[in-house]
Amino acid sequence: MKILHVVGARPNFVKVASILKACDRESGIESVLVHTGQHYSDNMSNTFFDELDIPMPDINLEVGSGSHAQQTGEIMKRFEPVLLQNSPDAVLVVGDVNSTLACALVAVKLGFKTIHVEAGLRSFDRTMPEEINRVLTDSICDFLFVTEPDGLTNLKSEGINTSKIYFVGNVMIDTLKLHKTKAACSNILNDLDLAVGSYGVVTLHRPSNVDNYKVFGRIIDALAEIQKDIKVIFPMHPRTYNNIKSNGLGVRLEQLPNILTIKPLGYIDFLKLMSEAKIVLTDSGGIQEETTILGVPCLTLRDNTERPITITKGTNMLVGTDTERILNGYHQSLSKAKPIVEPDFWDGRASVRVVRILLDLL
Ligand code: UD1
């Protein structure tokens, strides 16, 4: 059986790493890896292949950055001949990035069986590009693998036939569990002169937060207060970096002595940094899930989450982007530690479940 796996952006690499390993362990599965090139910088792409032991992509479409229409259209144009040439038994897409939707659309229209891993998540916020990608990808794929029970509920309420849906757990957590020991040996705390449990980590990259001067300014106002209390490490996504360079907020950040902005980290260093943090503030989806498993308090700087289990079972708290609300959340989450309850099937074996089901189905 030949499966063509699609990756494009940073969170995709983390998910596909464990799926490819599970495929490798099953005899009779041939994997072809296509990288769309949506992310292309060393620290947004290559590092992850090295650290997570992902084989070099068989094909790189090298689409690079662009508007949503340009990027999605270019991926579709370049993916179609590659798919026809490889003619796999199935195409597997993960997550909710532009590469996910673009390749699913091409594959389904050409009549290939198409699999979506991490289906069913919904923020119910259609201003998020990822929400559009999720809804559309789920509506056209043949097999849908969900990470949490809400995913099942959401897909059913959209009228999707339940025979297509499988609750398998979280492949990103497989990767985390596999690399935790290696991450424990990372030198990042020494490199940044940090003591265990003494600092906060911030990541921001959502257009609704970092493309909007006022919103980003309110978040920085909150960080300005928090850095009086603890050191704050801010590994900066290129979108965020480009914005603060052009809108003047970079100067403001530089004036805050206890905030350290650094380049995006690789997987292993970031996992270590997150694991030993006192608190994480983020607008990432994946980090909400990772902090849940690590038991590290997480403040999500958004008004909604497509991953509600990280609140009901995990350490996540939605605090939006209002300065006061962020600061209240900060004090509240540090005042009482939430016990860790591992969500069902976030046990490090989700990828194995995906592959076993695919072997049955195909
Ligand atoms: C994309 C995903 C988002 C995911 C995020 C993880 C979509 C719609 N968004 O957002 O869901 O959470 O990846 O990072 O697919 N850039 C670089 N080097 C790179 C990649 C990007 O410098 O390797 C810069 C470019 O200036 C680019 C900008 O970052 O224009 C944004 O990149 P893009 O891929 O458009 O979206 P992300 O914000 O990374």
Side-chain angles (χ1 to χ4, degrees), residues 6-17 35-50 52 57 60-76 78-79 93-105 116-119 121-123 125-138 172 175 202-212 215-216 234-247 250 261-267 270 274 280 282-290 300-302 304-307 310:
V6 174
V7 290
R10 186 168 61 175
N12 294 166
F13 310 138
V14 182
K15 290 162 197 166
V16 152
H35 189 336
T36 64
Q38 178 174 346
H39 284 176
Y40 45 85
S41 303
D42 267 347
N43 55 18
M44 297 294 286
S45 178
N46 293 352
T47 310
F48 289 79
F49 283 76
D50 294 343
L52 300 177
N60 192 324
L61 305 178
E62 295 182 350
V63 293
S65 303
S67 70
H68 285 272
Q70 279 167 347
Q71 197 174 56
T72 309
E74 205 53 52
I75 295 169
M76 290 179 71
R78 297 187 193 192
F79 184 56
V93 299
V94 294
D96 55 15
V97 304
N98 287 343
S99 302
T100 311
L101 172 62
C103 294
L105 197 49
H116 185 206
V117 174
E118 203 189 80
L121 297 179
R122 296 291 181 268
S123 64
D125 173 2
R126 296 260 171 133
T127 65
M128 277 181 91
E130 294 81 3
E131 182 74 353
I132 306 294
N133 293 343
R134 293 180 200 117
V135 171
L136 296 180
T137 303
D138 287 341
M172 207 185 58
T175 303
V202 179
T203 84
L204 294 169
H205 73 283
R206 296 271 160 225
S208 58
N209 283 344
V210 301
D211 291 2
N212 182 320
V215 176
F216 202 176
F234 192 167
M236 207 172 271
H237 184 282
R239 170 191 285 281
T240 313
Y241 180 74
N242 293 340
N243 283 340
I244 62 159
K245 263 198 329 195
S246 57
N247 67 13
T261 58
I262 55 175
K263 290 209 156 73
L265 290 172
Y267 184 79
F270 189 71
M274 195 166 45
V280 172
T282 190
D283 60 12
S284 151
I287 291 174
Q288 295 170 45
E289 299 181 333
E290 289 167 337
T300 293
L301 307 182
R302 288 171 47 191
N304 51 57
T305 178
E306 60 288 336
R307 293 159 159 95
T310 60

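When a ligand or atom number is given, it counts from 1 through the structure's own listing order.
Ring pair Phe13/His35: centre-to-centre distance below 6.0 Å.
Ligand 1 lies nowhere less than 4.0 angstrom from a heavy atom belonging to Ser45.
A parallel orientation is assigned to the rings of His237 and His205, their planes being inclined by less than 30° (bins at 30° and 60°).
Using a 4.0 Å cut-off between heavy atoms, Glu130 contacts ligand 1 through its side chain alone, with no backbone atom that close. The part of Pro11 lying near ligand 1 is the side chain, judged by heavy-atom distances below 4.0 Å.
Scanning the protein for heavy atoms near atom 36 (O) of ligand 1, the closest one is Arg239 NH2, 3.9 Å. When hydrogens are left out, the protein atom nearest atom 25 (C) of ligand 1 is Ser65 OG, 3.4 Å; that is the closest non-hydrogen contact. Ranking the protein heavy atoms by distance from atom 2 (C) of ligand 1 puts Val97 CG1, 3.7 Å first. At the shortest separation from atom 8 (C) of ligand 1 among protein heavy atoms lies Asn98 OD1, 3.3 Å.
Here atom 32 (O) of ligand 1 lies nearest to His39 when heavy atoms of Arg10, Met128, Arg206, His39 are compared.
Among the atoms of Asn242, some N or O lies under 3.5 angstrom from an N or O of ligand 1. Looking at Gln38 next to ligand 1, an N or O pair under 3.5 Å apart turns up.
Separation of atoms OG1 (Thr36) and CD (Glu62) is listed at 10.5 Å; rounding is to 0.5 Å. Rounding to the nearest 0.5 angstrom, the gap separating the CD atom in Glu118 from the NZ atom in Lys15 is 3.5 Å.
Residue contact check: His205 has heavy atoms under 4.0 Å from atoms 4 (C), 5 (C), 6 (C), 12 (O) of ligand 1. Below 4.0 Å from some heavy atom of His68 lie the following atoms of ligand 1, by number and element: 8 (C). Every atom of ligand 1 is numbered from 1 in the order shown, and the set under 4.0 Å from a heavy atom of Ser41 is 17 (C), 18 (N), 19 (C), 22 (O), 23 (O). Atom numbering of ligand 1 starts at 1 in the shown order; those under 4.0 Å from a heavy atom of Gln71 are 34 (O), 35 (O). Those atoms of ligand 1 that come under 4.0 Å of a heavy atom in Pro238, given as number and element, are 16 (N), 17 (C), 18 (N), 22 (O), 24 (C), 29 (O).
Taking 4.0 Å as the cut-off between side-chain N and carboxylate O, Glu130 and Arg206 count as a salt-bridged pair.
Of the possible donor and acceptor atoms, none in the side chain of Gln38 sits under 3.5 Å from a partner among the backbone N and O of Gly64. With hydrogens and angles ignored, the 3.5 Å screen pairs no side-chain donor or acceptor of Ser41 with any backbone N or O of Met44. Under a 3.5 Å cut-off, the side chain of Ser284 and the backbone N or O of Gly286 do form a donor-acceptor pair.
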- Begin with the C-alpha distance, continue with both residues' side-chain angles, and end with the deciding distance and a verdict on side-chain contact (heavy atoms from CB on, under 4.5 Å) for Phe49 and Val7. CA-CA 11 Å; Phe49 283 76; Val7 290; 4.2 Å; yes

- Message: Checking Asn243 against Asn247 for the side-chain hydrogen bond (donor to acceptor under 3.5 Å, both in side chains) test, could you report, in this order, the C-alpha distance in whole Å, the side-chain angles of both residues, the deciding distance, and whether it holds?
- Response: CA-CA 6 Å; Asn243 283 340; Asn247 67 13; 5.7 Å; no

